[in-house]
Structure formats: structure tokens, C-alpha cells
Amino acid sequence: MARENHYEFCHFDPDDNFLIMVHGRKRVRLFGGRLSPLYPNELGSKGRTIQSQVNCDKPDLDKFPEFVNAVMYEFPLSSCKMLFFPAFWWHQVTSLEMSISINMFFGDAGDNNYLTKIMSPPWAEGFHYWFLNIIEQNRETPSFHRLLSELPGAIRNFLITQWKEYATEEQVYELVQLAMKHCGIDKLPLTDKTANNPKKLKIRGLLWRK
């Protein structure tokens, strides 16, 4: 439910999504999947989504000059209408009146279909940023060193938790290399601890909010 004039900051989600209007009207802006024109928050921002720093109603073009290159698609959405948001596409929603809507998030059926899709162009840029944001969320935790030492297994379990899909060895290797480059290391650390299950890579957000 949203009050009239409620402005939801521009963001992207890691899942395909239908927005279904039950009552009232909303204005939806879609901006595609390019990162630079929408100035994502710095890596480590909390939660499962990535937000833009740009206020789409009143963009500060001195601070965010590349926003002029963003291609926008605008849709009025009224009762009994539905709109598809592709995963990792920026979208900004404003409630034009008191409204009720439902979001339906979903992936692709299969054991690896969705992962294969989002790790390929044009989704890969947004997915890589989202994945590194999760790495950065965990970076200040006491167990991060152990997490890095068990990173391949942690990534496999994380992807199963998120999408019930099983990453290939090549996909895990790609994400391990991406995380290592981000952390500025050329090999994973060793640990003297042994465990049956690797340390969990977690999305950290709601519990941090005040």
C-alpha cells in the first residue's frame, strides 16, 4: 500500500518481477540496465536491492551529469494492469494516488537457467555489481577472512539459497575471480579451521536499520 505522491527511489532488483496494480494509479519509469547513468550507491550499501543516488524527479545534473544519457521509458499503471520489470533494470515508481499493488518476483525454471541468463550480457554488468555489493556487505564482519578461505563453497550455497540453482564450476570460478579482484588479492587465504559447511555469504540489511 502506498500513499498519494509516495516516491520510491530508483533501484534494481536481482529477480524478474511483475508489478500488478490492484487499486489506484502509479507512474513507473524504467531506465534499462546500464549502471553509469544512474549512479548506483557505493558498494556495501545494505539490503537486497541496489539504489540509485539520483532523484529522478529533480536530478542534480551538476553532481550526476551522465544521467542525461539515461534512456527512460515511462508508463502509467492503473487498476488491473500489470508491468514486467526485467532483473537488474533500474525502475522508479511514484504513487499518483492512494494505491495497492502486488510484486511477483520469479526466475527461470531449471537448475541453472536463470544463473546462465544473468551472468551473460546484458544482465552481467548489473549482476556483477550486485554480487560485489554482497561481498562488501560482509567485508567488515569478523568471519570475513574465513569466508574468503571458503569462498567457492560459500558462493555455491549462496546461489542455491537465492535462486535454488546450481552454479557450474566455470560460474563459481568467474565469481571467485571477481571477488578476489575486488578485494585486491591474488589467492584465497588459508585457514586452520575445518568445518563441514562453508561460512555463509549473507545479504545484510534489515537488521542494520534503525
Side-chain angles (χ1 to χ4, degrees), residues 10-16 31-54 63-67 69-70 86-90 107-108 111-195 197-205 208:
C10 191
H11 67 282
F12 67 67
D13 299 285
D15 308 281
D16 291 325
F31 293 95
R34 292 182 58 206
L35 289 180
S36 57
L38 272 298
Y39 295 87
N41 281 339
E42 293 183 3
L43 291 175
S45 60
K46 299 171 179 60
R48 196 169 188 267
T49 64
I50 300 292
Q51 284 195 344
S52 168
Q53 299 178 63
V54 181
K63 189 175 182 180
F64 308 115
E66 287 191 53
F67 184 68
N69 297 319
F88 303 103
W89 267 49
W90 296 104
D108 295 356
D111 290 339
N112 188 260
N113 292 342
Y114 189 69
L115 277 178
T116 296
K117 179 176 78 173
I118 64 175
M119 292 184 71
S120 305
W123 298 271
E125 182 184 17
F127 170 68
H128 286 171
Y129 194 90
W130 179 83
F131 172 75
L132 290 180
N133 191 64
I134 306 305
I135 293 291
E136 195 64 27
Q137 285 179 5
N138 287 265
R139 195 165 187 173
E140 298 302 319
T141 61
S143 58
F144 188 67
H145 180 85
R146 180 182 160 196
L147 175 65
L148 284 181
S149 71
E150 302 172 348
L151 191 58
I155 288 174
R156 288 189 192 92
N157 288 349
F158 176 76
L159 297 175
I160 291 171
T161 299
Q162 292 304 306
W163 293 299
K164 306 297 186 291
E165 293 208 343
Y166 298 89
T168 65
E169 291 298 320
E170 292 78 11
Q171 289 170 334
V172 172
Y173 178 80
E174 177 184 330
L175 295 179
V176 168
Q177 294 300 308
L178 184 67
M180 288 171 59
K181 182 178 180 181
H182 173 69
C183 293
I185 57 177
D186 56 11
K187 61 181 180 180
L188 296 178
L190 299 177
T191 179
D192 56 1
K193 293 184 178 180
T194 58
N197 297 312
K199 198 67 181 173
K200 288 185 178 180
L201 181 62
K202 297 180 181 180
I203 294 176
R204 300 178 181 273
W208 291 3

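Heads up: numbering here begins at 1 and tracks the sequence.
Taking every heavy atom of both residues into account, Leu132 and Ala179 meet most closely at CD2-CA, 4.1 Å. Nearest heavy-atom pair across Gly107 and Tyr114 is CA-CD1, 3.8 Å. Across Ile203 and Trp130, no two heavy atoms sit closer than the pair CD1-CZ2, 4.0 Å. Here the closest non-hydrogen pair linking Leu190 and His145 is O-NE2, 3.4 Å. Heavy atoms only, all atoms of each residue included: Ile50 and Trp90 are closest at O-CZ3, 3.5 Å. Taking both residues in full, the closest heavy atoms of Asp16 and Lys117 are given as OD2-NZ, 2.7 Å, listed atom of the first, atom of the second, then distance.
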Worksheet item: How far apart are the C-alpha atoms of Ile155 and Gln171, what are their side-chain angles, what is the distance that settles it, and do they pass the side-chain contact (heavy atoms from CB on, under 4.5 Å) test?
Response: CA-CA 10 Å; Ile155 288 174; Gln171 289 170 334; over 6 Å; no
Worksheet entry | side-chain contact (heavy atoms from CB on, under 4.5 Å) evaluation trace for Glu150 with Asn157 | CA-CA 11 Å; Glu150 302 172 348; Asn157 288 349; over 6 Å; no
Worksheet item: Could you go step by step and tell me if Ile135 and Phe144 meet the side-chain contact (heavy atoms from CB on, under 4.5 Å) rule?
Response: CA-CA 9 Å; Ile135 293 291; Phe144 188 67; 4.2 Å; yes
Item to complete: Kindly indicate, with the supporting measurements, whether the criterion side-chain contact (heavy atoms from CB on, under 4.5 Å) is fulfilled by Tyr166 and Ile160.
Response: CA-CA 6 Å; Tyr166 298 89; Ile160 291 171; 3.5 Å; yes
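For the atom pair SG of Cys10 and CD of Gln53, the computed distance is 11.5 Å after rounding to the nearest 0.5 Å. Between atom CG of residue Asn41 and atom CD of residue Gln51 there is a gap of 6.0 Å, rounded to the nearest 0.5 Å. For the atom pair CD of Glu165 and CG of Asn113, the computed distance is 6.0 Å after rounding to the nearest 0.5 Å. Interatomic distance, CG of Leu178 versus CZ of Phe131, reported as 6.5 Å (0.5 Å rounding). In this structure, Ile185 CD1 and Leu151 CG are separated by 8.0 Å, a value rounded to the nearest 0.5 Å. Met119 CE to His128 NE2: the interatomic distance, rounded to the nearest 0.5 Å, is 5.5 Å.
Within the 4.5 Å cutoff, the side chain of Tyr39 has heavy atoms near those of the Pro65 side chain. A 4.5 Å side-chain heavy-atom check between Gln162 and Arg48 finds at least one atom pair inside the cut-off. Between Asn133 and Pro40 the shortest side-chain heavy-atom distance does not fall below 4.5 Å. Lys199 is not listed as a side-chain neighbour of Ser149, based on a closest heavy-atom distance of 4.5 Å or more.
Between Phe12 and Trp89, the ring centre distance reaches or exceeds 6.0 Å.
Shown here is Glu140, whose CD atom has no more than 12 heavy atoms of other residues, nucleotides or ligands within 6.0 Å.
Between the side chain of Glu125 and the backbone N or O of Arg34 there is no donor-acceptor pair closer than 3.5 Å. Formation of a donor-acceptor pair under 3.5 Å by the Asp13 side chain with backbone atoms of Thr49 is not found in this model. Between the side chain of Glu136 and the backbone N or O of Leu43 there is no donor-acceptor pair closer than 3.5 Å.
By the 4.0 Å N-to-carboxylate-O rule, Arg156 lies close enough to Glu169 to be salt-bridged with it.
The aromatic rings of Phe127 and Trp163 are tilted relative to each other, their planes meeting at an angle between 30° and 60°.
With Asn138 as the partner, the side-chain hydrogen bond (donor to acceptor under 3.5 Å, both in side chains) test is satisfied by one option alone out of Arg204, Lys202, Lys200: Arg204.
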